[in-house]
Amino acid sequence: MPIHNADVAEIFNRIGDLLDIKGDNPFRIRAYRDGARTVSELSRSVAEMVEGEEDLKALPGIGKDLAAKIEEIVRTGSLSFLEKLEEEIPAGLVELLRISGLGPRKINALYTKLGITSLAQLREAVSRQKIRDLEGFGEKTEQNIRKELDRLAASARRIKLSTADEIARPLLAYLREIKGVRLAEIAGSYRRRMETVGDLDILVVHVSGSPVMERFLDYDDVQSVVSHGPTRSSVLLKSGVQVDLRAVGAESYGAALLYFTGSKAHNIAVRRIAVKNDLKINEYGVFKGKKRVAGRTEEGVYKQVGLPFIPPELREDRGEIEAAAQDRLPNLLTLGDIRGDLHAHTTRTDGHAGLEEMALAARERGYEYLGITEHSRHVTVAGGLDADELRAHIRDIDRLNEQLEGIILLKGIEVDILEDGSLDLPGDVLRELDYTVCSVHSRFNLARDRQTARIIRAMDNPCFHILGHPSGRLINERPPYDIDMEQVIRAAAAKGCFMELNAHPDRLDLNDIHLKLARELGVKVAISTDAHSTEGLNSMRFGIWQARRGWLEPGDVLNTRSWPELKKIFRRG
DNA sequence: GCCGTTTTCGGCCCGACTGTTTTCAGTCG
């Protein structure tokens with residue numbers, strides 16, 4: 001069985017958790033977690049690196065010991081060190097870390113004093129009121145554990161960015177209207193535009209005596225108050241989303257914004273530079289001794305450590321600090337750079353708006369073109385087109401283009417990549433189109449090597465242009481199909497094909513890491529909404545956010561170009 | 001366990017809030 005990076009990362013994280021519960025050296029624990037992060041965010045396969053006898057120690061946070069452990073995992077599929085740890089510490093204890101309020105120390109106490117090793121046993125102990133008598137625990141703690149067990153049973157998890165956006169915007173507007181509020185901003189992973197968001201972190205600057213904390217707790221959507229203090233409060237919304245509000249002085253706003261935007265790894269890296277320069281950074285500012293030398297703006301904080309402003313989407317400690325230090329941060333794409341959309345459906349197949357309606361909606365959004373890409377025949381549930389129907393559709397588009405002003409409809413197709421790697425429609429009709437989006441809509445569960453070969457074989461077809469929603473994942477609903485994305489992107493580079501970044505908020509496919517890889521390999525990306533309605537065209541902004549997380553500049557993107565320019569690019573080879 | 005334009009040893013980011021305590025550890029972000 002092939003070892004994926006995620007498998008290695010899971011083992012290292014598990015070791016981190018077990019060592020934590022055991023009470024091991026915290027820096028050793030961090031080393032395992034750092035190693036896990038490095039491996040999980042790597043665009044290359046560590047298994048292949050091991051096979052190619054590459055030096056794993058070159059990877060950040062991987063030293064002699066972790067390198068040897070990765071090799072053992074790749075070669076044997078398991079790790080003796082983990083097995084030994086699990087003999088020592090019951091594996092079920094790791095589950096207990098999911099209970100907010102229970103950390104390694106308390107879990108260790110529950111285990112040694114009450115013999116609890118699972119969530120089920122914990123629930124049992126709570127209902128028998130056994131927790132409250134333990135040293136360091138009390139009635140309150142027991143009640144909180146009970147609440148958390150219930151919350152976990154209701155399966156609270158990270159929400160999609162688009163859902164977070166719907167919750168965040170009205171809440172932010174509410175806070176900004178409160179008397180005395182000078183500044184309010186949402187920080188955290190929402191500001192970094194991560195594809196999923198765990199909770200919302202909001203930062204406010206207000207004049208003293210303003211009722212912002214009280215009014216926050218009174219917000220209509222609040223279900224319960226988790227904690228509240230003069231500068232920091234947390235609530236649980238009815239939607240199950242936790243919101244933390246933090247109030248700071250204007251002189252600290254930039255430092256706090258940086259701090260609460262994260263990521264944690266980015267902050268640690270920035271603070272490390274500060275320490276080297278005899279500075280201290282916390283959420284109140286940058287300090288030289290006791291003197292505050294920056295903090296009002298993020299720019300000011302970065303400047304103190306010799307860096308330019310780093311856009312929030314890049315703050316993952318994935319090379320942005322080094323790039324900033326060398327003044328080679330990417331000039332990130334913005335929505336204004338987009339000149340058209342290359343993936344849309346109409347009522348001809350499974351869309352909800354007609355050709356003209358979609359064209360006018362695209363024009364309203366300032367676009368120069370809209371690519372119409374109906375499904376091909378294999379997608380029967382969507383009424384996919386066969387060759388004759390597609391020809392008739394092409395003629396419809398031609399006729400409409402003669403009447404339309406200020407917008408051009410491009411003649412495309414979302415053609416299925418069949419199991420053997422062939423395309424669902426013959427070449428003669430595909431050649432009548434302006435371009436193709438080629439997608440997988442069936443046989444999601446092929447083995448990795450076959451799925452990868454299927455897509456790469458499809459790229460050999462001279463009619464292939466853009467690989468649609470390359471991983472097939474639906475966020476929080478369906479995992480990506482098992483493919484070697486690095487190989488696919490390399491193939492696209494070699495064969496002159498393109499990758500889609502599907503901007504639909506349920507997809508956001510490619511992800512940030514593979515976008516960055518595509519950019520590094522020189523593969524251009526189409527950011528497309530896959531709109532099935534005029535409303536669907538609005539998803540472009542989610543694609544832009546994701547693209548920025550992938551370091552994309554306007555030049556890396558197909559649809560920042562005019563149609564005449566694109567036309568040349570689509571002449572493959 | 002990792003890492004090194006001060007170091008191969010001795011560091012490793014930092015503060016608020018809670019609950020259980022009588023001055024603070026644990027947890028969280």
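Below, chains carry the letters A, B, ... as their sequence lines are ordered, and counting in each starts from 1. Note that the coordinates shown come from a computational prediction; the quantities given were computed from them, not determined experimentally.
In this entry the distance linking CG of Asp34(A) with P of dG11(B) reads 20 Å, nearest Å. Separating the CD atom of Glu142(A) from the P atom of dT20(B) is a distance of 10 Å, rounded to the nearest angstrom. Atoms CZ (Phe137(A)) and C1' (dT27(B)) sit 12 Å apart, rounded to a whole Å. Rounded to a whole Å, the CZ atom of Arg158(A) is 11 Å from the P atom of dG29(B). Across the protein-nucleic acid pair, Asp278(A) atom CG and dC13(B) atom P stand 16 Å apart, rounded to whole Å. Per the geometry, CD1 belonging to Ile268(A) stands 15 Å off C1' belonging to dG11(B), to the nearest Å. Computed from coordinates, the Lys57(A) NZ to dC3(B) P distance equals 10 Å when rounded to whole Å. Taking atom CG of residue Leu96(A) and atom P of nucleotide dG26(B), one finds them 17 Å apart after rounding to whole Å.
Residue Ile62(A) is in sugar-phosphate contact alone, with no base atom involved, counting any heavy-atom pair closer than 4.0 Å across all strands shown. Nucleic acid contact for Pro26(A): none, since no nucleic acid atom lies under 4.0 Å from a heavy atom of the residue. Residue contacts for Asp201(A): at a heavy-atom cut-off of 4.0 Å it reaches the sugar-phosphate backbone alone, with no base atom in range. No contact: Lys276(A) has no heavy atom under 4.0 Å from any strand. Residue Gln242(A) is out of contact with every strand shown, counting any heavy-atom pair closer than 4.0 Å.
The base of dG29(B) has none of its N or O atoms less than 3.5 Å from a complementary donor or acceptor on the side chain of Asp199(A).
Cation-pi geometry between Lys69(A) and Phe12(A) is not satisfied (NZ or CZ under 6.0 Å from the ring centre, within 45° of the ring normal).
Between the Arg315(A) side chain and the Ile310(A) main chain, a donor and an acceptor come within less than 3.5 Å of each other. Looking at Arg519(A), its side chain never comes within 3.5 Å of a backbone N or O of Asp556(A) through a donor-acceptor pair. Between the Asn5(A) side chain and the Arg44(A) main chain, a donor and an acceptor come within less than 3.5 Å of each other.
Among pairs with a residue in residues 170-207 of chain A, those fulfilling ring pair (Phe, Tyr, Trp, His ring centres under 6.0 Å) read Tyr174(A)-Tyr219(A), at least two apart in sequence or across chains.
Using modelled atom types, one finds a donor on one side chain and an acceptor on the other under 3.5 Å when comparing Asp244(A) with Ser234(A).
When the nearest nucleotides of DNA chain B are assigned to Ile281(A) and Arg28(A) by heavy-atom distance, the more 5′-ward of the two goes with Arg28(A). With the nearest nucleotide of DNA chain B identified for both Thr141(A) and Ile99(A), Thr141(A) has the one nearer the 5' end.
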How far apart are the C-alpha atoms of Lys516(A) and Glu520(A), what are their side-chain angles, what is the distance that settles it, and do they pass the salt bridge (Lys or Arg N to Asp or Glu O under 4.0 Å) test?
CA-CA 6 Å; Lys516(A) 190 159 181 254; Glu520(A) 284 161 6; 3.7 Å; yes

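A heavy-atom distance below 4.5 Å is not found between the side chains of Ser210(A) and Arg215(A).
A gap of 23 Å separates the P atoms of dT6(B) and dC2(B), to the nearest Å. Taking atom P in both dC17(B) and dC13(B), one finds a spacing of 23 Å when rounded to whole Å. Taking atom P in both dG10(B) and dG15(B), one finds a spacing of 26 Å when rounded to whole Å. Between the P atoms of dT20(B) and dC28(B), the separation comes to 15 Å (whole Å). For the P atoms, the distance linking dA16(B) with dT22(B) amounts to 23 Å, nearest Å. Distance noted for atom P between dT5(B) and dG1(B): 23 Å (whole Å). Look at the P atom in both dC12(B) and dT18(B): the space between them is 29 Å, to the nearest Å. Comparing the C1' positions of dT21(B) and dT27(B) gives an interatomic distance of 16 Å, to the nearest angstrom.
Residue Arg272(A) places at least one side-chain N or O closer than 4.0 Å to OP1 or OP2 of dC13(B). Using a 4.0 Å cut-off, no side-chain N or O of Arg271(A) falls inside it from OP1 or OP2 of dC13(B). One finds no side-chain N or O of Lys64(A) lying less than 4.0 angstrom from the OP1 or OP2 phosphate oxygen of dC3(B).
Results of the side chain to side chain donor-acceptor pair (under 3.5 Å) test with Glu195(A) over Arg507(A), Arg549(A), Arg473(A) single out Arg473(A) as the only residue that passes.
Closest approach to the Leu66(A) side chain among dG26(B), dC13(B), dG1(B) is made by dG1(B) (side chain taken as heavy atoms from C-beta onward). Listed nucleotides: dG29(B), dG1(B), dG26(B). Nearest to the side chain of Arg105(A): dG26(B).
For dC9(B), the paired base is dG4(B) (Watson-Crick or G-U wobble, both distances below 3.5 Å).
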Please tabulate, one pair per line, each protein N/O and nucleotide N/O from nucleotides 15-18 of chain B that are separated by under 3.5 Å, including the distance.
{"unit_1": "dG15(B)", "atom_1": "OP1", "unit_2": "Lys280(A)", "atom_2": "NZ", "d": "3.0"}
{"unit_1": "dG15(B)", "atom_1": "OP1", "unit_2": "Asn282(A)", "atom_2": "ND2", "d": "3.2"}
{"unit_1": "dA16(B)", "atom_1": "OP1", "unit_2": "Tyr284(A)", "atom_2": "OH", "d": "2.8"}
{"unit_1": "dC17(B)", "atom_1": "OP1", "unit_2": "Thr231(A)", "atom_2": "OG1", "d": "3.0"}
{"unit_1": "dC17(B)", "atom_1": "OP1", "unit_2": "Arg232(A)", "atom_2": "N", "d": "3.0"}
{"unit_1": "dT18(B)", "atom_1": "OP1", "unit_2": "His228(A)", "atom_2": "N", "d": "2.9"}

